[in-house]
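I'd like to ask you about the structure that follows.
This chain uses plain numbering: 1 for the first residue, then up along the sequence.
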Amino acid sequence: MFIYDPILEVTLADYGILIPSKPDKIRKPAAFLERRLSRVKRERWFTPFRADLIGRADLERVHDPAFVARLYAGGETAREEVIRAFELRDASGNWYRYDPARATRPLEDLFRRELETASGTFQACLTAEERGFCFLLSGGRHHAQYGYGDGFCLINDVVIAADAFLRRTKAARVAVIDVDAHKGDGTAALTAGREDIVTLSVHMGDSWPLDPERRAIPGHPSLIPSDIDVEINRGEDDRYLRALADGLDRLDPLLPGGADLAIVVDGSDPYEKDELPSTANLRLSAERMLERDIMVYRFLKERGIPSAWLTAGGYGDASHEIYERFFGWLIDEEGIAGE
Ligand SMILES: [Zn+2]
């Protein structure tokens, strides 16, 4: 199943935020599916997006209620939280990658969009449970921490959805497989000590937090480990798929009796054509990126674990290619094309 809605195309430039995250990243893969699937198949394989499944109480179970209150307060209070999450001010207090003159929408409105995104993530989890597989063309805000947003992630939809799923269904365990280029640090911190959410993150070594000063702060929340962290250092691209396979092998014993659901944080930013400077240490070819997705997909399918996939990070004009390749493979693999 796929979930896509134009409302999920958060164009950061509309808010004056100058980060190369473009609507084409999800618009083009959605158009690709439209082209490849017949009308009948589209009706069977797309489910309409629900924007209202996650509310304040769900957020307060995962995030600091005081932080949640600041987001719901709106106005200047929420705006400050967005500025922090998107790192729009430099150390001297000057605007950084933010141009108010280019904004057509107020920054604080991003909270409502991110709340809707979290609803989509939860919907993807429910749909996956029912149908075995669901890919949401959105989501994956894995850097958001307990009391603040970070790394372009305002609230952590991954943990919010996993927690809501565990409470609202009979599920006992959710696995999070994070293959974004950056460490799923918020997810790791928010689920530390929880046995019902098991986390694997495969990411660039020495790259998160981005600044060495933060990496040097003992006890910094971003340094809290995932259940399994696999680091790929600069120049080790050839090792990536083997390291991912090892990480998945190590996940197995942490899932005695399996898992009721896996959330896959399927960032396209390890791709060699990604344009965000902080992803430059990982440069996987399109072929390797497809192998990555197939490996995770097969791992979960062989174990009968339903999976909800999220687009997560991906920057520049080429990130859509990764999802299109995976969808193309999936359509052939699952025989879902044609009438
Ligand atoms: Zn990323």
(message) List the residues meeting side chain to side chain contact (heavy atoms under 4.5 Å, CB included) with Pro225, not counting sequence neighbours, and say none if there are none.
(response) Asp229
(request) Rounded to the nearest 0.5 Å, what's the gap from OG1 on Thr187 to CG on Asp227? Could you check? (result) 11.5 Å
(message) As an exercise, state the distance from CD1 of Ile17 to OG1 of Thr11, rounded to the nearest 0.5 Å.
(response) 11.0 Å
(request) Evaluate the side-chain proximity of Arg36 to Asp332: yes if any heavy-atom separation is below 4.5 Å, no if none is. (result) yes
(request) State, yes or no, whether a side-chain contact exists between Gln123 and Leu136 at a heavy-atom distance under 4.5 Å. (result) no
(request) Would you mind checking if Arg288 and Asp238 are paired as a salt bridge, meaning a charged N to carboxylate O distance below 4.0 Å? (result) yes
(message) Whether Arg167 and Asp163 form a salt bridge (side-chain N of Lys/Arg under 4.0 Å from carboxylate O of Asp/Glu) is what I want to check.
(response) yes
(message) Looking at Arg102, I'd like to know if its CZ atom is crowded, meaning that more than 12 non-hydrogen atoms belonging to other residues, nucleotides or ligands lie closer than 6.0 Å.
(response) no
(message) Other residues, nucleotides and ligands only: do more than 12 of their heavy atoms fall within 6.0 Å of CD on Glu43?
(response) yes
(request) Would you please indicate yes or no on a ring centroid separation below 6.0 angstrom for Tyr15 and Phe86? (result) no
(message) I want to check a possible cation-pi pair here: Arg131 against Phe133, using under 6.0 Å from ring centre and within 45° of the ring axis as the test.
(response) no
(request) Inspect the contact between Arg70 and Glu80 and indicate whether a charged nitrogen and a carboxylate oxygen are less than 4.0 angstrom apart. (result) no
(message) Assess the residue pair Asp266 and Arg292 against the criterion (salt bridge (Lys or Arg N to Asp or Glu O under 4.0 Å)); give the C-alpha distance rounded to whole Å, side-chain angles, the decisive distance to 0.1 Å, and a yes or no.
(response) CA-CA 9 Å; Asp266 195 36; Arg292 173 196 74 163; 2.9 Å; yes
(message) I'd like to check the ring-ring contact (aromatic ring centres under 6.0 Å, His included) partners of Tyr96; sequence neighbours left out, ordered by chain and number.
(response) none
(request) Measure from the ring center of Phe32 to the ring center of Tyr323 and say whether it is less than 6.0 Å. (result) no
(request) Please check if Leu330 and Phe46 belong to a single hydrophobic cluster, counting links between Ile, Leu, Val, Met, Phe, Trp and Tyr side chain heavy atoms closer than 4.5 Å. (result) yes
(request) Could you tell me whether the side chain of Asp274 reaches within less than 4.5 Å of the side chain of Arg283, counting heavy atoms only? (result) no
(message) Which label fits Trp309 and Tyr297: parallel for a plane angle under 30°, tilted from 30 to 60°, or perpendicular past 60°?
(response) tilted
(request) Run the salt-bridge test on Glu287 and Arg325 with the 4.0 Å N-O cut-off and return the result as yes or no. (result) yes
(message) Measuring only between side-chain heavy atoms, which start at C-beta, is Asp269 closer than 4.5 Å to Leu276?
(response) no
(request) For ring pair (Phe, Tyr, Trp, His ring centres under 6.0 Å), just list the numbers for Tyr4 and Phe135, CA-CA rounded to whole Å, side-chain angles, deciding distance to a tenth of an Å, and then say yes or no. (result) CA-CA 9 Å; Tyr4 165 75; Phe135 200 113; over 10 Å; no
(message) Check Glu334 with Lys301, please: is the shortest side-chain N to carboxylate O separation under 4.0 Å?
(response) yes
(request) Report the C-alpha distance between His63 and Ile160 in whole Å, list the side-chain angles of each, state the deciding distance to 0.1 Å, and finish with yes or no for side-chain contact (heavy atoms from CB on, under 4.5 Å). (result) CA-CA 9 Å; His63 289 289; Ile160 292 166; 4.0 Å; yes
